[in-house]
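Report on one structure; see the data block that follows.
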Amino acid sequence: MNKVIDDWHKAAADADESRYFAHMTADAIFLGTDASERWDTKSFREFAHPYFAKGKAWTFTPRERHVIVDSNVAWFDEKLDSASYGDVRGSGVLRREKGEWKIAHYNLTIPIPNALAKQVVEMIRKAATPAATPR
């Protein structure tokens with residue numbers, strides 16, 4: 001499972017679209033860092049294709065991972081380094097299909113220190129509130 005997850009991240013860094021999506025189930029869900037980002041495999045591939053086509057997708061370097069396995073399902077959480085986002089976390093579910101482990105669900109998050117949480121929540125609320133229309 002670690003090899004699958006590591007190669008999935010490496011495929012993105014190498015901008016290898018077919019290898020990247022081959023590691024995902026046909027019905028996978030990817031949750032991105034933005035609250036609006038919930039993609040099934042097809043819509044995520046459509047979103048990601050222009051990045052892969054330019055030869056630059058994204059690079060997340062795993063530095064710590066915990067995996068728990070129960071028969072044909074495994075779940076994991078990981079800490080990753082990103083040049084763009086700094087410290088990030090991912091969590092996901094793998095499912096064994098025809099003897100191969102595939103990513104069925106992945107959630108990418110940016111951890112917010114508790115001391116900054118209220119400030120960040122306020123920033124998000126302000127960004128989500130439509131600006132008042134002058135009268």
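In this structure the side chain of Asp87 reaches within 4.5 angstrom of the side chain of Arg63, judged on heavy atoms. Within the 4.5 Å cutoff, the side chain of Thr109 has heavy atoms near those of the Asn107 side chain. A 4.5 Å side-chain heavy-atom check between Leu108 and Arg89 finds every atom pair outside the cut-off. Using a 4.5 Å cut-off on side-chain heavy atoms (C-beta onward), Pro62 and Ile5 make no contact. Using a 4.5 Å heavy-atom threshold, the side chains of Arg45 and Ser18 count as touching. Side-chain contact check for Met24 versus Trp8: some heavy-atom pair is nearer than 4.5 Å.
Note: Phe44 and Phe21 meet the aromatic proximity criterion, with ring centroids under 6.0 Å apart. Between Trp58 and Tyr20, the ring centre distance stays below 6.0 Å.
Hydrophobic clustering of Ile, Leu, Val, Met, Phe, Trp and Tyr side chains at less than 4.5 Å, counting indirect connections, keeps Val4 apart from Trp75.
Rounded to the nearest 0.5 angstrom, His105 NE2 and Ile103 CD1 are separated by 12.0 Å. A distance of 10.0 Å separates CG in Asp70 from CD1 in Ile68, rounded to the nearest 0.5 Å. A distance of 11.5 Å separates CG of Asn72 from CG of Leu94, quoted to the nearest 0.5 Å. Here the straight-line distance linking atom CZ of Phe76 with atom CE of Met1 works out to 10.5 Å at 0.5 Å rounding. In this structure, Thr61 OG1 and Lys79 NZ are separated by 15.5 Å, a value rounded to the nearest 0.5 Å.
In this structure, a donor-acceptor pair under 3.5 Å is present between the side chains of Asn2 and Arg65. With hydrogens and angles left out, the side-chain atoms of His23 and Glu100 include no donor and acceptor closer than 3.5 Å. Residues His49 and Glu17 bring a donor and an acceptor atom of their side chains to less than 3.5 Å of each other.
Thr41 places a side-chain N or O within 3.5 Å of a backbone atom of Thr25 that can act as its donor or acceptor partner. Remark: side-chain polar atoms of Asp14 are not paired, donor with acceptor, to backbone N or O of Asp16 under 3.5 angstrom. Not a single donor-acceptor pair under 3.5 Å links the side chain of Glu122 to the backbone N or O of Lys118. Judged by distance alone, the side chain of Gln119 and the main-chain N or O of Leu116 form no donor-acceptor pair under 3.5 Å. With hydrogens and angles ignored, the 3.5 Å screen pairs no side-chain donor or acceptor of Arg96 with any backbone N or O of Trp101.
Taking each heavy atom of Phe52 and Ala57 in turn, the nearest pair found is CE2-CB, 3.8 Å.
Under the 4.5 angstrom side-chain criterion for Ile, Leu, Val, Met, Phe, Trp and Tyr, the cluster partners of Ile29 are Leu31.
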